[in-house]
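Below is one structure, written out as structure tokens; the observations come after it.
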Amino acid sequence: MTTDAEKSQATPSQDRNPIREAEGAGYGPGSLLGEVLDDPHGRPLIERALPAIVNAPLILQLRHTPLGQIVGFGGQHLSAEDLSQLWEALGDLSARRPEPKNEPEPIHPNKNYEDEAVARGSRRVEYPRTVELWAVLEVAIDGPDHGNPFVDVELAAEFKLGDRSFRVGGFYDGEGRYLIRFSPPEEGGWSFVTQSTARSLDGLKGQFRASPPSAGIHGPVRVADTHHFRYADGTRYRPVGTTAYAWTHQPEALQKKTLETLASTSFNKLRMCVFPKSYLFNANEPEIYPFEQNEDGSFDWTRPVPEYFRNLEHRIGQLGQLGIEADLILFHAYDRWGFSDMGKAADDRYTKYVVRRLHAFANVWWSLANEYDLLSAKSQEDWERLAAVIGEEDPVDHLLSIHNCFAFYDQTRPWVTHCSLQRIDVYRTSENTDAWREQYGKPIVIDECGYEGDIDQGWGNISGEELVRRYWEGAVRGGYIAHGETYLNDREELWWSKGGVLVGESPQRIKFLDEVMAAAPEGVLDPIRGDWDVPWGGAAGQYEVAYLGFGRPRYRDIVRRPGVQYGVDVIDTWNMTIERIPGSFEGTFRVPLPGRPYMAIRLVSQV
């Protein structure tokens, strides 16, 4: 979510923890922008050299960005001489830096949380005796609430079916209520037994049966055929994604309106944040926060607010009823509350808590971060550690990705199940899809290719025609593009941020594209050797689609080997029409076209 100029200039490192200069030395590329702006001698230097940065709407987020990166995308008008003079002037100052942040140590569960006089397994446990395959089984226990059960008590259960065994972590849900959630991956008679550092919660047992799923229930989404997806039951899944980052942090009426809008679309994946967001057109405070607040207004990272997370999981459940995957963003930089820099121990606790609460929902995807490279407080080591926490705590093995702003994270990492990408070029967006497929050997989902809208940011004012063009371009190259909408309104309820209603022209055209893809033999498009100027996708010799994009030819000459008869369709991707050319064709033949943009040609073998 940066300007085109920013994207074209940025070349950041993957490890975003800045190397601070020695104590007492001047400021340099590793110094944070906020440190220099807070220095009365440093601020005038930045104001003169980089006025656009000082007045940027993102100044709150940019404060935590190293100066070396700032000049990379904000100093594009500085000459080499001016830049050298800036570094020299900053280096001559005696840097004023805040005291190093005290990193809290991890908090270990209290092994003596309950006195030995408390009988083991003495609490009452409730759970359903039958649950459908892939549904949420909830084991509820009324337990002790003294101290701080969020950190004092460790609770887990081992679920067994024959030789299959899963260790599943539990969590405290407030008011003396503990929960363990499990999504059975196989039908049959399951049993469980609990383990806990609280004696009364330890050794509780139960049995239940996993029954066949209801019609239309397919289970969690998995990677399939290297570059695509299927549900657990083998049904093909094609991500038709959209974005509403902060919709669950809005008033109740707006959340309901978002669900009503989604129900009328073909979108089956929604990118959304766990934490609230502070950004353009998203300045309102959430009604509740994810952590309890102290008297001074700071947050207590050891005490999640169950009501906050209950609302989140309620909305995830409602998305599931609509057949929509919830692509949950665990961390992001658009933050004025401190959630992006809680420290390692708090990050780990939060991640564990969220995964334990939500892993049993079949329609969850984990996105470790949105624009990970804007979170300057975290290094690659931190991301690797957090990915390991998810791997340890998620028995379902939901899809897991990490999303970039500038440079890609290492998408070859084994825990990265699919590539969740943002364009890295002003002009080439989805045109890179086939190259990325070959490079990474994973599904390519371009979750940010630009948004249909009319705001003053380059990423948020492309036309509906251009967004649909990018969708088609990515589809025939074997990937999946995501939608977003950023049209201004007096309420500042932009879909990409707060949800609400959609007013753009692209959603119905995106549905039309999905129908064209669904008609392919395997329900997906793979890149086919194409022409130098036109990409082709589908299944060679069976179902082939050429996308002409912004070209507007009056005809197209097609060359195929003789012996295969094709039916030929001319597809108007914007007006959503398909015209079958009379007759059958083989070898070399000419397809007449209307001489307007956004056309496609489809060849369907006639066996």
Side-chain angles (χ1 to χ4, degrees), residues 104-110 113 136 138-141 143-145 147-157 166-183 194-198 201 248-249 272-276 286 288-293 299-317 326 328-332 335 337-361 364-369 378 382-383 385-398 400:
E105 293 295 324
I107 300 174
H108 300 288
N110 184 357
Y113 181 70
V136 179
E138 186 171 273
V139 178
I141 311 168
D145 62 357
N148 183 357
F150 289 109
V151 295
D152 289 341
V153 177
E154 170 62 11
L155 173 65
F166 297 88
R167 184 189 181 280
V168 180
F171 60 94
Y172 185 59
D173 193 40
E175 299 177 341
R177 176 179 168 86
Y178 296 80
L179 299 176
I180 306 171
R181 289 174 175 155
F182 179 65
S183 178
T194 65
Q195 304 99 36
S196 179
T197 53
L201 307 180
T248 61
H249 311 133
M272 52 190 284
C273 298
V274 176
F275 282 135
I288 53 175
Y289 296 96
F291 294 97
E292 291 185 14
Q293 286 185 280
F299 289 94
D300 184 345
W301 308 131
T302 71
R303 293 184 180 272
V305 175
E307 182 186 0
Y308 181 93
F309 292 96
R310 289 180 201 137
N311 179 69
L312 175 63
E313 63 199 22
H314 174 58
R315 299 309 185 194
I316 291 171
L328 288 176
I329 297 165
L330 298 179
F331 293 94
H332 65 82
D335 167 43
W337 304 276
F339 305 132
S340 61
D341 189 15
M342 299 184 293
K344 292 179 174 59
D347 284 349
D348 289 358
R349 280 196 308 271
Y350 154 76
T351 302
K352 179 183 293 188
Y353 186 77
V354 170
V355 174
R356 288 187 173 193
R357 284 200 77 114
L358 302 177
H359 68 74
F361 291 84
V364 160
W365 299 20
W366 308 120
S367 178
L368 190 51
K378 291 179 174 53
D382 294 322
W383 296 123
R385 187 189 72 256
L386 291 166
V389 171
I390 295 173
E392 293 168 1
E393 297 294 339
D394 181 9
V396 180
D397 290 329
H398 288 287
L400 172 58

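Every value quoted in this text rests on a predicted model; they were computed, and no experiment measured them.
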Ignoring hydrogens and angles, tell me if any N or O in the side chain of His398 forms a donor-acceptor pair with the backbone of Val364 under 3.5 Å. yes

Is the side chain of Thr194 donor-acceptor paired with the backbone N or O of Leu201 at a distance under 3.5 Å, no angle test? yes

Which label fits Phe150 and Tyr172: parallel for a plane angle under 30°, tilted from 30 to 60°, or perpendicular past 60°? perpendicular

Taking the side chain from Arg310 and the backbone from Asp173, do they hold a donor-acceptor pair closer than 3.5 Å? yes

Indicate yes or no: does Asp347 engage Lys344 in a salt bridge with an N to O separation below 4.0 Å. no

Would you say Ser196's side chain and Glu154's backbone share a donor-acceptor pair under 3.5 angstrom? yes

Spacing of Asn148 atom CG and Tyr113 atom OH [to the nearest 0.5 Å]: 8.0 Å

Between Lys352 and Glu392 (side chain of the first, backbone of the second, donor and acceptor by atom type, cut-off under 3.5 Å), is there such a pair? no

Distance (rounded to the nearest 0.5 Å) between Tyr308 OH and Glu292 CD: 14.5 Å

Heavy-atom side-chain contact between Val305 and Tyr289 under 4.5 Å: no

Taking atom CZ of Arg349 and atom OG1 of Thr302, what is their separation to the nearest 0.5 Å? 6.5 Å

Which heavy atom of Leu368 sits nearest to which heavy atom of Trp383, and what is that distance? CD2-O, 3.5 Å

Can you name the closest pair of heavy atoms from Trp301 and Ala346 and give their distance? CB-CB, 3.7 Å

For the CD1 atom of Ile316 and the CG atom of Asn311, what is their distance to the nearest 0.5 Å? 9.5 Å

Whether the side chain of Asp152 engages the backbone of Gly147 through a donor-acceptor N/O pair (distance < 3.5 Å, no angle test) should be reported. no

Would you please test Phe309 and Val274 for side chain to side chain contact (heavy atoms under 4.5 Å, CB included) and show each step? CA-CA 9 Å; Phe309 292 96; Val274 176; 4.1 Å; yes

Are Val355 and Val389 packed together at the side-chain level, in the sense that at least one heavy-atom pair is separated by less than 4.5 angstrom? no

Can you list the steps and then say if Phe171 with Leu179 is a side chain to side chain contact (heavy atoms under 4.5 Å, CB included)? CA-CA 6 Å; Phe171 60 94; Leu179 299 176; 3.6 Å; yes

Taking side chain as C-beta onward, heavy atoms only, is Ser183 less than 4.5 Å from Phe166? no

Between Arg181 and Glu138, is there a donor-acceptor pair closer than 3.5 Å when you use the side chain of the first and the backbone of the second? no

Rounded distance [0.5 Å steps], NZ in Lys378 versus CE in Met342: 6.5 Å

In the structure I gave you, are the side-chain heavy atoms of Leu312 and Leu358 within less than 4.5 Å of one another anywhere? yes

On a heavy-atom basis, which atom in Asp335 and which in Ser340 lie closest, and how many Å separate them? OD2-OG, 2.8 Å

Pro395 versus Val168, closest heavy-atom pair with distance: CG-CG2, 4.0 Å

Would you say Met272 and Leu328 make side-chain contact, with heavy atoms under 4.5 Å? yes

Check Arg177 against Ala140 and note the closest heavy-atom contact, atom names and distance. NH1-CB, 3.9 Å

CG-CD1 distance between Leu400 and Ile390, expressed to the nearest 0.5 angstrom: 5.0 Å

Test side chain to side chain contact (heavy atoms under 4.5 Å, CB included) applied to Glu393 and Thr351, step by step: CA-CA 9 Å; Glu393 297 294 339; Thr351 302; over 6 Å; no

Under the side chain to side chain contact (heavy atoms under 4.5 Å, CB included) criterion, do Ile180 and Leu155 qualify, and how do the steps go? CA-CA 8 Å; Ile180 306 171; Leu155 173 65; 3.9 Å; yes

Apply ring pair (Phe, Tyr, Trp, His ring centres under 6.0 Å) to Phe275 and list each qualifying residue two or more places apart in sequence or on a separate chain. Phe339, Tyr350

Taking the side chain as C-beta and beyond, is there a heavy-atom pair between Ser367 and His332 under 4.5 Å? no

Counting only heavy atoms not in Glu307, do more than 12 sit closer than 6.0 Å to its CD atom? no

Can you name the closest pair of heavy atoms from Trp337 and Pro286 and give their distance? CZ2-CD, 4.0 Å

